[in-house]
Structure formats: C-alpha cells, structure tokens
Amino acid sequence: MARLAQTAGLTDIQQEIVSTVRDFVDKEILPVATELEHRDEYPQQIVDGLKELGLFGLMIPEEYGGLGESLLTYALCVEEIARGWMSVSGIINTHFIVAYMLKQHGTQEQKDHFLPRMATGNVRGAFSMSEPGLGSDVSAITSKAVRDGDEYVLTGQKMWLTNGGTSSLVAVLVRSDEGHSPAETAAAPHKSMTTFLVAKEPGFGEVRPGLTIPGKIEKMGYKGVDTTELIMDGLRVPADRVLGGVTGRGFYQMMDGVEVGRVNVAARGCGVAQRAFELGIAYAQQRHTFGKPIAHHQAIQFKLAEMATKVEAAHAMMVNAARKKDSGERNDLEAGMAKYLAAEYCKEVVEDSFRIHGGYGFSKEYEIERLYREAPMLLIGEGTAEIQKMIIGRRLLEEYRFQG
C-alpha cells in the first residue's frame, strides 16, 4: 500500500525481506487464493515457494540453517502473506511457534535434531493444547502421560490442530502428575503439565502406532490449511522427547509460544484488514450511483476514513508488541492488546468493505466474500477477546497497583 501500514526504523535487510514477500504475495498468492479457497485445496505450490524463500526458517538461528531474523520481521512477513490469503499465514504460524519453543526451551540435542530440518521446511511443526471439552481453560486438560521405563505412554484426544495432517512434528501438551501429589495437582494444575515433541508421518489415519489424525474438520472459512483432531491411544514417546528434558514445565513453555503467536495473529488481522480496505477503496471508485462514483459520496468517504484509521492503529500496535518481545522484555500486555484490537478491527474493516460492495459482496465471484468468512477465525484464534481482556486487565492491575 502506498501510505498505510508503513513501519519506520527497518534495516535495509528487513525492508528487502518484506518487499520480497510482498512481491511473492502479489504474483503467486493473490491470483489463485480465492479459487483454491473455494476448493478447500492445500496450496502446495505456494508452500514450496515459501520454502524456497526461506520463510520456514525466518526466525531460526543461523547456526541451525535459518535466517536468524527478529519477531518484527516475521510479523511483517505474516502481515503480507495474510493480505494475500490468511490460510497460508496459518500454515507458517504453527510451524514457527514450535520452532520458537524449541529454540527457547529445547535441550541442545533437541535443537540439533529438529531445527536444521525445520529451517528448510522439510520438518513442519504443529502444536496442540485444546481438547474437545475445553477451549481457553488449559488447566482442564485431561490428556495424560504415564512413565513406563524410558518412555511415556500418552492417552487422550486433542482438538483444533492447524497443520495436523501436513505436519511431521507436533508439540503436544498433556498432564503428567509425575512428582506431584493429588493435592498439589488440584491446587496448581499448571505445574503438572508437560510438552512432548511427537514426530509423525504426514497424512491422515494412523500416522504412527497409537496416534491417529482422523481427517480435516470442515470449516466456514480458513480453508486450504488442514485443521484436525489428534487421538492418542497408548502412544509411546521416548523420555528424551520431553521438551527441555524436564516434566512439569509444559504450560509455561506453551504460554511463551502462544505469546509470540498472538503477535502473529495480530499481524494476520492487519493483513486481512489491509486487503479488505484495498478492495473497498478500489470498488468505491469503480461503482457509480446517482451519476458519480460512490467514493464521491460523503457516507462512503466517512466509511473509508474509519477503515483506514483502524488499519493504521492495528498495525502500529502489532509492531509495538513485536518490538517489545524482540527487546527481551515481557510483552504479554502489548501482545494481548495487539491481538484483541487487530482482530476486532479486522472484523469491522472487512464488514465495511463488504457493505461498500453491496450485493456483489455476497457473490463468490468477489474476493471480499472470502475475507468475510475468514475474519471470524481471528476473533477466537490464540485466545478469544474475553481471554485477551483478562490478560490485559490483570497486567494493568500489576502495573497500576494502588498504594493506599
């Protein structure tokens, strides 16, 4: 875009990376996105192109074959990709979260084993917290791991895995009460959770003994990318595949991953909102009513002004959250605010663009119809608006504690 969502202070390398991704989106994603989305077809050719660009290793350190870039660079790339087709940014996001968790919390052996192959995209990541009986209440997880010699036996059912079928490595959060009494577990359920690194074959059905990926979940939007369940029934995982090598740290490892994931979801909201604005302002200049383009009607100009302001505000908050994390500071407040605002504004900008399109917005021939079905996912992905408000409220009370 000529004016909106610009980011000051980028290095020449950052500008070059983002510009390369933008060109790729314009040439390789936008021309085919709506057709592939309507067919719910996995965008293999696009994914292969992203592998060639090195996007799967963007934040993986150079010593493991990645580009060693910052969260800000990654978020700006995600913003561009989501502008083309949000599902493609989802394919990268879960991979990125698993790679980030490995980089931050993995043992040296785990990093050496997985990160070089993740940097090339030959090993692709997914992560799994949710279950059929819970959403944001992670403390209610019932899937469990029981120690059996040098292995753990995992049992339970997980839900809403992005890349569940196409991934070859899943970070799975389960309950392992090892070293905790029932009373301790009841008082602090988060301390009894462990993340396991589960390698598997891509595909559906029984992908390794004791592990089944039943098939794709049919969705209103966010198509193309596979969203699945994961069923563990006597799944045996070696003890050296406990993330970090120590049980009981899984919840905190996952929350660290989700925190940067929220910046990613904010970036997706920014990208979708930008595309909706582009479509709306272009259509408003082409469509004529009462003898002039509808863009010349004050009501439409007001709507475009509101849309552009929301795009700009969401982008600024997303960039701020990414930079905060890159500085090494705690950013759960900023990430929660950015995710909340970007998702809500995305929904509103998309709906306004839909209204500008009038009856044509309801037609599958127009791109805005796809965006209208995609935007709602951002309202719940990586934590609902209510969860973000809880995080924001608690952090504000910490920062502004009343000294009476």
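Side-chain atoms are counted along with the backbone in the values below, which use heavy atoms only and exclude waters and symmetry mates.
- A donor-acceptor pair under 3.5 Å is absent between the side-chain atoms of Lys144 and the main chain of Ser176, judged by distance alone.
- Nearest heavy atoms, Met254 versus Thr195: CG-OG1, 3.8 Å.
- Between Lys158 and Leu173, the shortest heavy-atom distance links the atoms NZ-O, 2.8 Å.
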Tabulate below the donor-acceptor pairs under 3.5 Å that side-chain atoms of residues 308-320 make, not counting sequence neighbours, or state none.
from	atom 1	to	atom 2	distance (Å)
Thr309	OG1	Ala305	O	2.8
Lys310	NZ	Glu348	OE1	2.7
Glu312	OE1	Ala5	N	2.9
His315	ND1	Glu79	OE1	3.3
His315	ND1	Glu79	OE2	2.8
His315	NE2	Ala5	O	3.4
His315	NE2	Gln6	O	3.4
His315	NE2	Thr7	OG1	2.8

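- In this structure, Phe362 and Phe354 have perpendicular ring planes: the angle between them is above 60°, well past the 30° mark.
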(request) Please assess Phe114 against Arg117 for the test side chain to side chain contact (heavy atoms under 4.5 Å, CB included), listing each intermediate value before the final yes or no. (result) CA-CA 6 Å; Phe114 289 113; Arg117 292 183 293 157; 4.1 Å; yes
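- In the displayed structure, Arg208 atom CZ is contacted under 6.0 Å by more than 12 heavy atoms of other residues, nucleotides or ligands.
- Under a cut-off of 6.0 angstrom, the local environment of CZ in Arg401 is sparse, with at most 12 non-hydrogen atoms contributed by other residues, nucleotides or ligands.
- A salt bridge does not link Lys324 with Glu259: every distance from a Lys NZ or Arg NE/NH1/NH2 to an Asp or Glu carboxylate oxygen is 4.0 Å or more.
- Annotation: Lys27, atom NZ; neighbour count of heavy atoms from other residues, nucleotides and ligands within 6.0 Å does not exceed 12.
- Contact record, Leu378 with Ala343: O-CB, 3.4 Å, taken as the closest heavy-atom pair.
- A heavy-atom distance below 4.5 Å is found between the side chains of Gln285 and Ile281.
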(request) Quick one: do Met86 and Leu371 satisfy side chain to side chain contact (heavy atoms under 4.5 Å, CB included)? Show the steps, please. (result) CA-CA 9 Å; Met86 191 182 72; Leu371 271 58; over 6 Å; no
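- Taking the side chain as every heavy atom from C-beta outward, Leu243 and Gln110 approach each other to under 4.5 Å.
- At distances below 3.5 Å, at least one donor-acceptor pair connects side-chain atoms of Lys223 with backbone N or O atoms of Lys219.
- A donor-acceptor pair is defined here as one N or O able to donate and one able to accept, closer than 3.5 Å; no such pair exists between the side chain of Ser167 and the backbone of Val170.
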(request) Apply the test side-chain hydrogen bond (donor to acceptor under 3.5 Å, both in side chains) to residues Thr247 and Thr194: give CA-CA distance (whole Å), side-chain angles for both, the deciding distance (0.1 Å), then the verdict. (result) CA-CA 5 Å; Thr247 61; Thr194 299; 4.5 Å; no
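- Ala267 approaches Ala75 most closely through the heavy-atom pair CB-O, 3.3 Å.
- Residue Glu16 places its CD atom among 12 or fewer non-hydrogen atoms of other residues, nucleotides or ligands, all under 6.0 Å distant.
- For CD of Gln298, the number of neighbouring non-hydrogen atoms (other residues, nucleotides, ligands) closer than 6.0 Å is 12 at most.
- The shortest distance between side-chain heavy atoms of Thr155 and Leu235 does not fall below 4.5 Å.
- You'll find the side chain of Leu10 reaches within 4.5 Å of the side chain of Leu76, heavy atoms only.
- Although no hydrogens or angles enter the test, the distance criterion places a donor-acceptor pair under 3.5 Å between the side chain of Ser353 and the main chain of Ala276.
- Relative orientation of the Phe196 and Tyr152 rings is perpendicular, given thresholds of 30° and 60° on the angle between their planes.
- Shown here is Arg355, whose CZ atom has no more than 12 heavy atoms of other residues, nucleotides or ligands within 6.0 Å.
- Here the closest non-hydrogen pair linking Asp226 and Gly165 is OD2-N, 2.6 Å.
- Side-chain atoms of Lys364 never come within 3.5 Å of backbone atoms of Thr34 as a donor-acceptor pair (strictly under, hydrogens ignored).
- Taking the side chain as every heavy atom from C-beta outward, Gln104 and Asp256 approach each other to under 4.5 Å.
- Counting non-hydrogen atoms of neighbouring residues, nucleotides and ligands closer than 6.0 angstrom, the CD atom of Gln45 reaches no more than 12 such neighbours.
- Of the listed residues (Glu37, Arg275, His357), just one forms a side-chain contact (heavy atoms from CB on, under 4.5 Å) with Glu367, and that residue is Arg275.
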Which donor-acceptor pairs under 3.5 Å do side chains of residues 52-64 form with protein atoms, sequence neighbours excluded?
from	atom 1	to	atom 2	distance (Å)
Tyr64	OH	Gln108	NE2	2.9

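- Glu229 places no side-chain N or O within donor-acceptor distance of the main-chain N or O of Ile213, the cut-off being under 3.5 Å.
- A salt bridge does not link Arg323 with Glu329: every distance from a Lys NZ or Arg NE/NH1/NH2 to an Asp or Glu carboxylate oxygen is 4.0 Å or more.
- The main-chain N or O of Glu365 is never found under 3.5 Å from a side-chain atom of Glu369 such that the two would form a donor-acceptor pair.
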(request) Kindly indicate, with the supporting measurements, whether the criterion side chain to side chain contact (heavy atoms under 4.5 Å, CB included) is fulfilled by Val225 and Tyr42. (result) CA-CA 6 Å; Val225 61; Tyr42 187 78; 5.5 Å; no
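- Applying the 6.0 Å contact sphere to CD1 of Ile13 captures no more than 12 heavy atoms from other residues, nucleotides or ligands.
- The shortest heavy-atom contact between Arg268 and Ser89 is CD-OG, 2.8 Å.
- With contacts defined as side-chain heavy-atom distances shorter than 4.5 Å, the pair Asp332/Met255 does not qualify.
- A 4.5 Å side-chain heavy-atom check between Lys216 and Thr227 finds every atom pair outside the cut-off.
- We find the CZ-CD1 distance between Arg373 and Ile368 to be 11.0 Å, quoted to the nearest 0.5 Å.
- Taking 4.0 Å as the cut-off between side-chain N and carboxylate O, Arg394 and Glu398 do not count as a salt-bridged pair.
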(message) Test side chain to side chain contact (heavy atoms under 4.5 Å, CB included) on Met390 and Glu386; report intermediate values, then the result.
(response) CA-CA 6 Å; Met390 286 173 58; Glu386 289 73 24; 5.7 Å; no
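- Annotation: side chain of Thr11 is not in contact with side chain of Gln15 (no heavy-atom distance under 4.5 Å).
- Each of Ile92, Val260, Leu67 was checked for a side-chain contact (heavy atoms from CB on, under 4.5 Å) with Tyr74, and the lone residue meeting it is Ile92.
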